[in-house]
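As structure tokens, the structure follows; a few thoughts come after it.
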There are 2 protein chains.
Amino acid sequence: MPPVDREPTRGSPDTKERILAAAEALFMEQGYAATSLRAITAQANVNLAAVNYHFGSKEALIREVFDRRLGPLNQARLDYLARVEFEAGGRPLTPEKILEAMITPVVQLSRDPLKRGAVFLRLLGRALSEPADTMKQVLPIHYRDVVLRFKEALVRALPDVPEQELVWRMHFTFGAMAYAMAGNDALQLITTCEVEGADDAEAIIRRLVPFLAAGLKAPVPLPMRTSTAHPTTNREAA
Amino acid sequence: MPPVDREPTRGSPDTKERILAAAEALFMEQGYAATSLRAITAQANVNLAAVNYHFGSKEALIREVFDRRLGPLNQARLDYLARVEFEAGGRPLTPEKILEAMITPVVQLSRDPLKRGAVFLRLLGRALSEPADTMKQVLPIHYRDVVLRFKEALVRALPDVPEQELVWRMHFTFGAMAYAMAGNDALQLITTCEVEGADDAEAIIRRLVPFLAAGLKAPVPLPMRTSTAHPTTNREAA
DNA sequence: GCATGATTCAAACACTCGTTTGAATCAGTC
DNA sequence: GACTGATTCAAACGAGTGTTTGAATCATGC
């Protein structure tokens, strides 16, 4: 029967951990649907039934894979943001500082001495566009607070940008971040251009922050034509 | 036995087309690995064996799903770029014009009167981060020329940005574009913020182009300190 | 020692998967 | 009409899936 779920699960030397690590790696390499429990348990050197014994189901396993990392990561983001806001003493932050609060915890995760974490980041970058129903349940829970707090900070930082416009720009920002986190494989998948230092997470944010900050601060384009009416069918060049 | 593959496949009223459309839609909703041939043939109202008869295998089917749309789309991008370059008469283009050449064909595809195309765009946005081996073969083939030509144009448009930096910014650009194309579902998956007019492709590029152009034009950050050393732990406010 | 409960293990379960088969159906040509 | 080749169809194939089972193993407390 399933364990009583006492504190940090004393028993089981590390099989639960080994399953989590193997699942993390394989989900990253092959995606969720394409990764079988047999492949996971083989890589983790545990019995097949161990997954259902410790986690209950495959879906519960992937949920735990994300919960384990995403909780601390997003909490670190909130903490970072709160700290710089406190240091600013009530004055609005720069977009750069806000982005830094968003991205730095990611870098710290990637520095994890055990080399885990980096794997998870690439998994996360991919998960953002995975259509699996599980993601549609797991991710919003973890991200709700983060998004709301950062949106709030950006609204204060960029009072000249209308809120709707800012929400859009946050979308674009998330897209670029997710893509960057997905790592070199996904990157060179399209561009076929060599990039140097794609593994160095610090180098990535050193380039990502100025790029995104400039986008966030960009002058707001004039609304084309009438605002509410559909500028729809076959209206050709401006 | 398989058809002789004559011109536009005369016979078969439209079963090949119906299969492609159903596959496109279902791959978009559920991803490649999670979509079964039985689900596809059921939605297309054709026999299960029709897929292997007309396409040979599931993998060949998805390959054709992408080939059919990606070829014309990227050719339109190249044509658009060639046209504006010709109009510029040898002078460098603005980043905005280059982005416009990249994005406008997407919008035209989304205007497809039969409402197809829009579905494909969301599929494409997701495919960019699918780990399936098929993608790693299909996408680079279609994108190689596009990426090289646009990189060339951007290098001319932004002579002050080092080439390596520009390649990185192109990566970020692709990420934001892919994310935006993935549609409202994927967008609101994280942000939980309502966005108005998420369906209007024209509205998206009206917001996306200024955002990305500003990022591409951003001042190049100074290389931080010594290149290799970690500017690490707990360095507080600047 | 034995008893207890957690954990592992090999084996099987019921199911779905992509693919194949061989007969049936349909379109054309002679 | 009969013949031919393309296309559809129902049925099955073997492989692989997530999950369950029940006995074996282990650690621990008495």
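Proteins come first, then strands; the chains are lettered A, B, ... in the order of their sequence lines, and each starts at number 1.
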Specify the separation, in whole Å, of atom [atom1] of [X] and atom [atom2] of [N].
X	N	atom1	atom2	answer
B/E59	C/dT19	CD	C1'	14 Å
B/D14	C/dC26	CG	C1'	16 Å
A/Y53	C/dC9	OH	P	13 Å
A/N52	D/dG22	CG	C1'	16 Å
A/I19	C/dC9	CD1	P	11 Å
A/L61	D/dT19	CG	C1'	14 Å
A/Y32	D/dT17	OH	P	14 Å
A/Q30	D/dT17	CD	C1'	14 Å

Check: Does any residue of residues 34-48 of chain B have a heavy atom under 4.0 Å from DNA chain C, and if so, which ones, in number order?
Finding: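 Only B/T35, B/S36, B/L37, B/R38, B/L48 qualify.
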Check: Under 4.5 Å between any side-chain heavy atoms of B/R207 and A/E165, yes or no?
Finding: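 Yes. Closest side-chain heavy atoms under 4.5 Å.
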Notebook entry, point to check: How are the rings of B/H171 and B/W168 set relative to one another: parallel (under 30°), tilted (30 to 60°) or perpendicular (over 60°)?
Noted result: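 B/H171 vs B/W168 ring planes: perpendicular.
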Check: Using a cut-off of less than 4.0 Å, is there contact between a side-chain N or O of B/S57 and OP1 or OP2 of C/dG18?
Finding: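 Answer no for this pair, as no side-chain N or O of B/S57 is under 4.0 Å from OP1 or OP2.
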Check: Does A/H54 place a side-chain N or O at less than 4.0 Å from the phosphate oxygens OP1/OP2 of C/dT8?
Finding: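 A/H54 to C/dT8 OP1/OP2: side-chain N or O found under 4.0 Å.
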Notebook entry, point to check: Is A/T104 reaching over with its side chain to a backbone N or O of A/A101, donor-acceptor style, under 3.5 angstrom?
Noted result: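 A pair under 3.5 Å: no.
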Answer yes or no on whether [X] is positioned over the face of [Y], meaning its NZ or CZ is under 6.0 Å from the six-membered ring centre and within 45° of the axis.
X	Y	value
B/R77	B/Y80	no
A/K16	A/Y53	no
B/R169	B/F172	no

Notebook entry, point to check: Is B/E64 salt-bridged to B/R68, going by a charged N under 4.0 Å from an acidic O?
Noted result: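 Here B/E64 does not pair with B/R68 in a salt bridge, since their nearest N and O are not under 4.0 Å apart.
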Note to self: Just to be sure I understand the rule, does A/A49 reach a base, reach only the sugar-phosphate, or reach nothing, if contact means heavy atoms closer than 4.0 Å?
What the structure shows: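 Since a base atom lies under 4.0 Å of A/A49, the category is base.
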